[in-house]
Amino acid sequence: MTKTLIIVLGPTGIGKTNLSISLATHLKTEIISADSRQIYQELHIGTAVPDSQQLHTVKHHFIQSHSIHNYYNASQFEIEVLQKLNSLFENYDTVIMSGGSMLYIDVVCNGIDDLPQIDPDTRIQLENRLKNEGLESLRTELQKIDPEYYQLADLKNHKRILHALEIYYSTGKKYSSYRTNVKKVRDFTILKIGLNTDRALLHERINLRVDQMIQNGLIEEARKVYPYKQLNSLNTVGYKELFSYFDHEITQEAAIELIKRNSRRYARRQLTWFNKDQAINWFNINQEETIISFIDDTLKEITIQPQQNR
RNA sequence: GGUGCCAUAGCUCAGUUGGUAGAGCAACGGACUGAAAAUCCGUGUGUCCCUGGUUCAAUUCCAGGUGGCACCA
């Protein structure tokens with residue numbers, strides 16, 4: 001029997017959660033969340049995790065399963081999801097994955113190169129050097145060490161430069177030597193369902209959802225994790241803006257407006273990424289019936305002609 | 001009803017001694033293989049309220065209209 005992973009994706013606030021629960025109920029299966037922030041157990045309101053009723057209806061994985069205090073990345077997500085899928089496919093022919101974290105979805109579909117573990121001190125040292133010497137100096141260094149990567153790197157993006165250098169200083173080998181540019185092949189079929197709607201309506205939904213989060217107690221939730229605000233996991237829309245408010249840098253109203261704006265911008269970046277992916281089957285919101293019959297039809301085809309990504 | 005002021009980008013406004021215009025915010029486009037809700041790069045998107053008049057040329061000057069605000073009745 002061919003196994004199929006159905007991926008529900010789309011911009012933030014579009015309604016992926018509701019759709020994925022309907023699909024999982026229809027297909028009698030479970031849901032893997034592909035969301036880089038819903039994965040943190042300390043976050044709840046600001047990340048819009050499914051509510052307890054929804055979690056009760058369908059079993060979810062990678063929702064509030066990790067701590068903000070533990071470093072996490074896309075590569076770990078690939079490994080953990082593949083393990084989870086392995087065991088889920090023992091019981092189910094189809095599994096739903098739902099989320100908006102573009103890289104996390106990509107990593108499950110196409111894999112990510114194996115890189116060595118970087119020792120945290122190297123990163124801290126390089127961050128200090130960036131602060132003291134500036135990006136230009138590190139960039140020149142990278143040009144000497146790894147001209148191949150320098151050629152294609154985003155040279156104004158300090159994270160990219162730093163990453164390449166920290167790999168070199170941790171291992172003595174060039175970052176470019178680890179980049180295979182090879183997509184891993186999965187032993188299951190992938191079916192991508194994209195959800196989208198008019199931009200104006202999407203913005204309306206996002207703004208409304210932020211107001212609801214505030215009503216539901218986002219400010220209190222953010223205050224609880226405020227002591228750890230320097231953690232990467234809390235460099236997150238909905239929290240970082242409130243931290244600025246707690247620090248008396250902006251008013252509460254301004255923070256709320258910024259959460260809305262940054263959510264809108266995040267949605268745009270998601271769409272930029274997803275629009276490149278020709279394999280996505282796009283639907284508008286409120287097309288649940290259409291989507292279900294599309295999936296049913298496609299699953300039938302897959303059992304006849306397996307091993308194709310659609 | 002009268003008088004005065006205002007009308008320019010999605011919003012708040014600047015400006016053109018007459019040669020079709022620019023700031024902030026918002027917005028839009030793009031990149032992205034271990035921090036990805038992160039990080040980075042790029043882009044003015046305009047019937048200058050409407051209709052006439054003067055002028056080679058009007059968003060700008062003049063008249064009328066419409067809408068808004070203020071004050072006086």
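Every chain is numbered from 1, with letters handed out A, B, ... down the list of sequences. Values reported hereafter were calculated over all heavy atoms of this structure, with side chains retained and with hydrogens, waters and symmetry mates removed.
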Asks: In whole angstrom, give the distance that lies between atom CZ of A:R37 and atom P of B:A35.
Replies: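 The answer, rounded to whole Å, is 11 Å.
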
Asks: By the rule that ILVMFWY residues connect when side-chain heavy atoms come within less than 4.5 angstrom, directly or transitively, which residues belong alongside A:V182?
Replies: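 Grouped by the 4.5 Å side-chain rule, A:V182 forms a cluster of one, so the answer is none.
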
Asks: Take the protein atom CD of A:E166 and the nucleotide atom C1' of B:U33, then report the distance between them rounded to whole Å.
Replies: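 After rounding, the gap between these two atoms is 13 Å.
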
Asks: Checking one value: the base orientation of B:G42, syn if chi is within 90 degrees of 0, otherwise anti.
Replies: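 Anti conformation here, the glycosidic angle of B:G42 being more than 90° from 0.
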
Asks: Only Watson-Crick and G-U wobble pairs with both distances less than 3.5 Å should count. Give RNA chain B in dot-bracket notation, marking inter-strand partners with |.
Replies: (((((((..((((.....[..)))).(((((.......))))).....(((((..]....)))))))))))).

Asks: Let's see if you get this right: which residues in residues 134-151 of chain A place a heavy atom under 4.0 Å from RNA chain B?
Replies: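 Here the set is empty: none.
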
Asks: When you check the gap from the basic side-chain N to the acidic O, do A:E221 and A:K224 get nearer than 4.0 Å?
Replies: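 A:K224 and A:E221: not salt-bridged.
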
Asks: Quick one: which residue pairs count as a ring-ring contact (aromatic ring centres under 6.0 Å, His included) with a foot in residues 10-37 of chain A, not counting sequence neighbours?
Replies: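 Applying ring-ring contact (aromatic ring centres under 6.0 Å, His included) to every pair that reaches into residues 10-37 of chain A, excluding sequence neighbours, yields nothing.
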
Asks: Output the residues of residues 231-244 of chain A in contact with RNA chain B, where contact means a heavy atom of the residue under 4.0 Å from an atom of the strand; sort by number or write none.
Replies: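 Under 4.0 Å from RNA chain B: A:N232, A:N235, A:T236, A:V237, A:K240.
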
Asks: Across the strands shown, which category fits A:Y104 at heavy-atom distances under 4.0 angstrom: base, sugar-phosphate, nothing?
Replies: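 The answer is sugar-phosphate, as A:Y104 gets under 4.0 Å only of primed atoms, P, OP1 or OP2.
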
Asks: Angle between ring planes, A:F62 versus A:H66, binned at 30° and 60°: parallel, tilted or perpendicular?
Replies: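 The rings of A:F62 and A:H66 lie parallel, inter-plane angle below 30°.
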
Asks: For atom C1', what is the distance between B:C48 and B:U60, given to the nearest Å?
Replies: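 One C1' to the other, the span is 9 Å.
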
Asks: Step through it carefully: locate the ring centre of A:F283, locate the ring centre of A:F294, and say whether they are under 6.0 Å apart.
Replies: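 Yes, ring centres under 6.0 Å apart.
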
Asks: Which letter, B, S or -, goes with each nucleotide of nucleotides 24-31 of chain B from 5' to 3', with contact meaning a protein heavy atom under 4.0 Å?
Replies: --SSBBBB

Asks: Side chain to side chain donor-acceptor pair (under 3.5 Å), that's the test. Do A:R186 and A:N110 meet it? Break it down for me.
Replies: CA-CA 8 Å; A:R186 303 306 187 195; A:N110 303 312; over 6 Å; no

Asks: Expressed as a whole number of Å, how far does the P atom of B:G46 sit from that of B:C6?
Replies: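 Roughly 27 Å separates the two P atoms.
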
Asks: Given 3.5 Å as the limit, does a donor-acceptor pair link the side chain of A:S65 with the main chain of A:H61, or not?
Replies: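 Flag not set: sc A:S65 to bb A:H61 has no pair under 3.5 Å.
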
Asks: Within this structure, what is the CD1-to-P distance between A:I161 and B:C41, rounded to whole angstrom?
Replies: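 Rounded to whole Å, this separation is 12 Å.
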
Asks: Specify the separation, in whole Å, of atom CG of A:L103 and atom C1' of B:G34.
Replies: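 Going from CG in A:L103 over to C1' in B:G34 covers 8 Å.
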
Asks: Does anything in residues 196-225 of chain A pair up under ring-ring contact (aromatic ring centres under 6.0 Å, His included), and if so which pairs, sequence neighbours excluded?
Replies: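 Passing the test, one end in residues 196-225 of chain A: no pairs.
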
Asks: Anything under 30° is parallel, anything over 60° is perpendicular, the rest tilted; go ahead and classify A:H69 against A:Y228.
Replies: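 Geometry flag for A:Y228 against A:H69: perpendicular rings.
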
Asks: Determine the Euclidean distance between corresponding P atoms of B:A26 and B:G1; express it in Å to zero decimal places.
Replies: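 B:G1 and B:A26 have their P atoms separated by 43 Å.
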
Asks: Using atom P in both nucleotides, what's the gap between B:G68 and B:U8 to the nearest angstrom?
Replies: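 It comes out at 14 Å once rounded to the nearest Å.
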
Asks: Determine which pairs satisfy ring-ring contact (aromatic ring centres under 6.0 Å, His included) with at least one residue from residues 134-159 of chain A, sequence neighbours left out, and list them in order.
Replies: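 Only A:Y149-A:Y175 qualify under ring-ring contact (aromatic ring centres under 6.0 Å, His included).
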
Asks: C1' atom, B:G24 versus B:G15: distance in rounded Å?
Replies: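 15 Å, rounded to whole Å.
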
Asks: Start at the 5' end of RNA chain B and walk down; is the nucleotide closest to A:Y175 or to A:N262 reached first?
Replies: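 First, find each residue's nearest nucleotide; the 5'-ward one identifies A:Y175.
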
Asks: Is the phosphate of B:U39 approached by A:H158 (side-chain N or O, under 4.0 Å from OP1 or OP2)?
Replies: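 For A:H158, the contact criterion (side-chain N or O under 4.0 Å from OP1 or OP2 of B:U39) is not met.
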
Asks: Measuring only the C1' atom in each nucleotide, how far is B:U66 from B:A73? A whole number of Å is fine.
Replies: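 These two C1' atoms come out 23 Å apart once rounded.
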
Asks: List the residues meeting ring pair (Phe, Tyr, Trp, His ring centres under 6.0 Å) with A:Y92, not counting sequence neighbours, and say none if there are none.
Replies: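 Partners of A:Y92 by the ring pair (Phe, Tyr, Trp, His ring centres under 6.0 Å) criterion come out as none, since no residue qualifies.
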
Asks: In whole Å, what separates the C1' atom of B:U59 from that of B:C49?
Replies: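 It works out to 11 Å between them.
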
Asks: Respond yes when some side-chain nitrogen or oxygen of A:Y72 is under 4.0 Å from OP1 or OP2 of B:A35, and no when none is.
Replies: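 For A:Y72, the contact criterion (side-chain N or O under 4.0 Å from OP1 or OP2 of B:A35) is not met.
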
Asks: Testing the 3.5 Å rule here: is there a donor-acceptor pair between the side chains of A:E141 and A:Y168?
Replies: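 Their side chains do not contain a donor-acceptor pair, so the 3.5 Å distance test is not met.
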
Asks: Rest of the hydrophobic cluster containing A:L208 (Ile/Leu/Val/Met/Phe/Trp/Tyr, side-chain heavy atoms under 4.5 Å)?
Replies: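 Result for A:L208 is none, singleton.
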
Asks: List the residues meeting side-chain contact (heavy atoms from CB on, under 4.5 Å) with A:E136, not counting sequence neighbours, and say none if there are none.
Replies: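 With neighbours one apart ignored, the set is A:R139, A:T140.
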
Asks: Is any side-chain nitrogen or oxygen of A:Y71 closer than 4.0 Å to OP1 or OP2 of B:A35?
Replies: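 Yes, because at least one side-chain N or O of A:Y71 sits under 4.0 Å from OP1 or OP2 of B:A35.
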
Asks: Taking CD1 from A:I112 and P from B:A36, how many angstroms apart are they, rounded to a whole number?
Replies: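 Rounded to the whole Å, the gap is 11 Å.
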
Asks: Let me check something: any side-chain donor-acceptor pairs from residues 40-51 of chain A under 3.5 Å, sequence neighbours excluded? List them with distances.
Replies:
residue	atom	partner	partner atom	Å
A:E42	OE1	A:I68	N	3.0
A:E42	OE2	A:S67	OG	2.7
A:T47	OG1	A:H44	O	3.2
A:D51	OD1	A:Q53	N	3.1
A:D51	OD1	A:Q54	N	2.8

Asks: Please tell me which of A:I118 and A:T47 maps to the more 5' nucleotide of RNA chain B, matching each residue to the nucleotide holding its nearest heavy atom.
Replies: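 Checking each residue's closest nucleotide, the 5'-ward one belongs to A:I118.
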
Asks: With rounding to whole Å, what would you report as the distance between B:G10 and B:A27 at their P atoms?
Replies: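 The same atom, P, in both gives a distance of 14 Å.
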
